[in-house]
> 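I am attaching a structure below and will ask some questions about it afterwards.
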Amino acid sequence: MSSNWKSICMFFSVLGLICICAFKMPSSYKLVSKIPLDGGSFTTDNLQDVYVYEGSTLKKFSSTGTLLYTHSDKTYGDISAVDVYDPMKVMLFYKDFPQIVYLDNTLSQNGNTINPADMGYPLTQLACISHDNGLWIYDGQVLQLVRFDVNLNTFQKTGNLNQLLGITVNPVSLTEYNSYLYLNDTVQGILIFDSFGTYYKTLPFTNVKHFEVRGDDLFYMQHHKLHAFHMKTITEDIIAQPDSMATQARVEKNLLYEKYRDTLRVYDIK
């Protein structure tokens with residue numbers, strides 16, 4: 001066992017994560033739907049709905065391919081990230097002119113637009129929803145993570161991550177799951193912090209653009225292959241897929257979502 005994997009084993013032993021669900025390796029797939037996805041990006045929620053976004057437009061589909069709602073606002077430019085950890089509170093992040101917009105489950109704006117510059121962070125590069133209606137951002141000026149409470153008061157700061165960790169951090173995505181914060185760096189790996197912003201460990205999965213945490217499983221794509229890292233058992237599987245040309249994949253309960261050049265395909269996992 002490599003030193004990296006020994007560190008990971010020790011890390012998750014310390015965390016003592018409780019198993020919520022375990023991914024069942026598929027034996028076959030049944031195609032459920034095809035959703036148009038011409039150059040856009042997508043994410044999914046725990047109700048199995050799909051959110052496709054391209055430019056300034058966000059569309060919400062059912063897993064069976066029915067268009068449910070559409071949101072489009074060119075005020076802030078292109079949508080950089082969509083956080084649907086809570087399907088009742090969808091967060092849009094616009095990076096070019098940093099803005100945060102919350103939507104309800106019908107994709108109607110809910111509340112005022114948040115400008116990180118007004119809170120002292122004009123170079124915000126990433127943002128995600130946090131527990132207790134909080135908010136995390138990655139501050140590209142000081143290179144730190146900052147958490148705000150429901151009233152947008154600063155609650156936690158990590159300080160400069162480059163100095164703290166002794167590495168150069170260039171994160172590409174940020175997400176919280178079960179009060180743990182995951183900061184993805186395609187060179188360093190997936191950095192994990194607790195709800196107070198305390199650094200624990202880096203999972204050495206590099207060149208990963210998209211990943212997802214569900215229960216005790218972390219799913220990520222690498223070289224067109226879908227990996228499932230089981231955080232409780234510290235084991236990993238490569239999941240057989242319906243097609244080897246998918247560039248992004250997500251798993252929600254019994255459904256597999258795969259992104260191709262011009263479509264998003266939804267499969268029932270058997």
Side-chain angles (χ1 to χ4, degrees), residues 1-30 43-48 83-86 128-131 136 165 167 171-244 246-259 266-270:
M1 182 181 291
S2 69
S3 59
N4 278 337
W5 284 104
K6 287 181 181 178
S7 297
I8 292 174
C9 292
M10 292 176 63
F11 165 53
F12 284 104
S13 176
V14 170
L15 284 184
L17 294 178
I18 299 174
C19 181
I20 299 174
C21 63
F23 178 71
K24 181 180 178 181
M25 293 295 289
S27 58
S28 63
Y29 295 97
K30 179 181 179 182
T43 189
T44 56
D45 65 26
N46 57 18
L47 300 178
Q48 300 184 311
D83 189 333
V84 293
Y85 180 74
D86 179 355
C128 73
I129 291 175
S130 183
H131 61 284
W136 280 105
L165 305 178
I167 58 176
V172 296
S173 66
L174 181 68
T175 187
E176 182 183 289
Y177 184 81
N178 281 354
S179 297
Y180 287 94
L181 185 66
Y182 298 79
L183 183 71
N184 185 27
D185 184 308
T186 57
V187 175
Q188 303 294 344
I190 301 174
L191 288 68
I192 305 179
F193 303 79
D194 70 8
S195 59
F196 298 102
T198 302
Y199 170 75
Y200 275 114
K201 188 59 63 178
T202 299
L203 301 181
F205 307 144
T206 57
N207 299 314
V208 173
K209 294 183 178 179
H210 306 281
F211 73 96
E212 172 193 22
V213 184
R214 285 294 181 263
D216 285 326
D217 298 317
L218 186 147
F219 300 95
Y220 67 95
M221 289 285 290
Q222 196 173 54
H223 306 303
H224 294 279
K225 294 182 179 179
L226 178 59
H227 297 245
F229 175 63
H230 312 296
M231 295 186 286
K232 187 178 181 181
T233 60
I234 322 299
T235 58
E236 183 172 81
D237 291 303
I238 295 179
I239 301 170
Q241 297 168 251
D243 193 301
S244 62
T247 58
Q248 182 184 352
R250 290 181 65 88
V251 176
E252 298 289 354
K253 301 174 185 176
N254 63 308
L255 296 181
L256 170 68
Y257 306 74
E258 290 198 329
K259 175 185 175 181
V266 183
Y267 294 91
D268 186 15
I269 301 171
K270 301 294 186 181

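All values derive from a computational prediction rather than experimental measurement. We're numbering straight along the sequence, starting at 1.
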> Before you tell me yes or no, could you show the steps for Phe229 and Ile234 under side chain to side chain contact (heavy atoms under 4.5 Å, CB included), namely the whole-Å CA-CA distance, both residues' side-chain angles and the distance that decides it to 0.1 Å?
CA-CA 7 Å; Phe229 175 63; Ile234 322 299; 4.3 Å; yes
> Taking the side chain as C-beta and beyond, is there a heavy-atom pair between Gln188 and Leu165 under 4.5 Å?
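A side-chain contact is absent here, since even the closest heavy-atom pair is not under 4.5 Å.
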> Say you draw a straight line from OG1 of Thr43 to CG of Asp83; how long is it, rounded to the nearest 0.5 Å?
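The CG atom of Asp83 is 7.5 Å from OG1 of Thr43, to the nearest 0.5 Å.
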> What is the minimum heavy-atom distance between Lys253 and Asn46, and which atoms define it?
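Reported closest heavy-atom pair: NZ-O, 3.2 Å.
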> Which residue in the set Ile239, Ile238, Val208 passes side-chain contact (heavy atoms from CB on, under 4.5 Å) when paired with His227?
Ile238
> Does a side-chain heavy-atom distance below 4.5 Å link Thr175 with Val213?
no
> Going by the rule side chain to side chain contact (heavy atoms under 4.5 Å, CB included), which residues pair with Asp237 if we only count those two or more places apart in sequence or in a different chain?
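Asp237 satisfies side chain to side chain contact (heavy atoms under 4.5 Å, CB included) with Met25, His230 once adjacent residues are dropped.
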> Of all residues at least two apart in sequence or in a different chain, which pass the ring pair (Phe, Tyr, Trp, His ring centres under 6.0 Å) check with Tyr257?
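Residues passing ring pair (Phe, Tyr, Trp, His ring centres under 6.0 Å) with Tyr257: none at all.
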> Closer than 3.5 angstrom, by distance alone: can the side chain of Asp216 be matched with the main-chain N or O of Lys232 as a donor-acceptor pair?
no
> List the residues meeting salt bridge (charged side-chain N to carboxylate O under 4.0 Å, His left out) with Glu212, not counting sequence neighbours, and say none if there are none.
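Applying salt bridge (charged side-chain N to carboxylate O under 4.0 Å, His left out) to Glu212 gives Arg214, Arg250.
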> State the CD1-NZ distance between Ile190 and Lys201, to the nearest 0.5 angstrom.
15.0 Å
> Applying ring pair (Phe, Tyr, Trp, His ring centres under 6.0 Å), name anything that partners Tyr85, two or more places apart in sequence or on another chain.
Tyr177
> Does the pair Phe205 and Phe211 meet the rule for a ring pair (Phe, Tyr, Trp, His ring centres under 6.0 Å), with working shown?
CA-CA 10 Å; Phe205 307 144; Phe211 73 96; 9.4 Å; no
> I'd like to check the side chain to side chain donor-acceptor pair (under 3.5 Å) partners of Asn254; sequence neighbours left out, ordered by chain and number.
Gln48, Asp268
> Kindly write out the residues that satisfy side chain to side chain contact (heavy atoms under 4.5 Å, CB included) with Leu256, not counting sequence neighbours, or none if the list is empty.
Tyr29, Leu226, Pro242, Ala249, Val251, Glu258, Tyr267, Ile269
> Who passes side chain to side chain donor-acceptor pair (under 3.5 Å) against Asp45, sequence neighbours left out?
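Once residues adjacent in sequence are excluded, the partners of Asp45 under the side chain to side chain donor-acceptor pair (under 3.5 Å) criterion are Tyr51.
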> Kindly write out the residues that satisfy ring pair (Phe, Tyr, Trp, His ring centres under 6.0 Å) with His210, not counting sequence neighbours, or none if the list is empty.
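Ring pair (Phe, Tyr, Trp, His ring centres under 6.0 Å) list for His210, sorted by chain: empty.
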> Identify the two heavy atoms, one from Leu183 and one from Phe193, that lie closest to each other, and give their separation to 0.1 Å.
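Shortest heavy-atom separation between Leu183 and Phe193 comes out as CB-CE1, 4.1 Å.
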> Are any non-hydrogen side-chain atoms of Met221 and Gln241 less than 4.5 angstrom apart?
yes
> Under the side chain to side chain contact (heavy atoms under 4.5 Å, CB included) rule, what do Asp185 and Ile167 come out as? Steps first, then yes or no, please.
CA-CA 11 Å; Asp185 184 308; Ile167 58 176; over 6 Å; no
> Phe196: which residues meet the ring pair (Phe, Tyr, Trp, His ring centres under 6.0 Å) condition with it, sequence neighbours left out?
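Residues passing ring pair (Phe, Tyr, Trp, His ring centres under 6.0 Å) with Phe196: none at all.
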> Please identify each residue that fulfils side chain to side chain contact (heavy atoms under 4.5 Å, CB included) with Val172, with sequence neighbours left out.
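Side chain to side chain contact (heavy atoms under 4.5 Å, CB included) list for Val172, sorted by chain: Asn184, Thr186.
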> For the CG atom of Leu191 and the OH atom of Tyr200, what is their distance to the nearest 0.5 Å?
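It is 14.5 Å, given to the nearest 0.5 Å.
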> Which residues satisfy the side chain to side chain contact (heavy atoms under 4.5 Å, CB included) test with Ser179, sequence neighbours excluded?
His131, Ser195
> Is there a side-chain contact between Leu181 and Cys128 (heavy atoms, below 4.5 Å)?
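Counting from C-beta outward, Leu181 and Cys128 do come under 4.5 Å.
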> Mind listing the closest non-hydrogen atom pair of Ser244 and His224 along with its distance?
O-CB, 3.4 Å
> Going by the rule salt bridge (charged side-chain N to carboxylate O under 4.0 Å, His left out), which residues pair with Asp194 if we only count those two or more places apart in sequence or in a different chain?
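Partners of Asp194 by the salt bridge (charged side-chain N to carboxylate O under 4.0 Å, His left out) criterion come out as none, since no residue qualifies.
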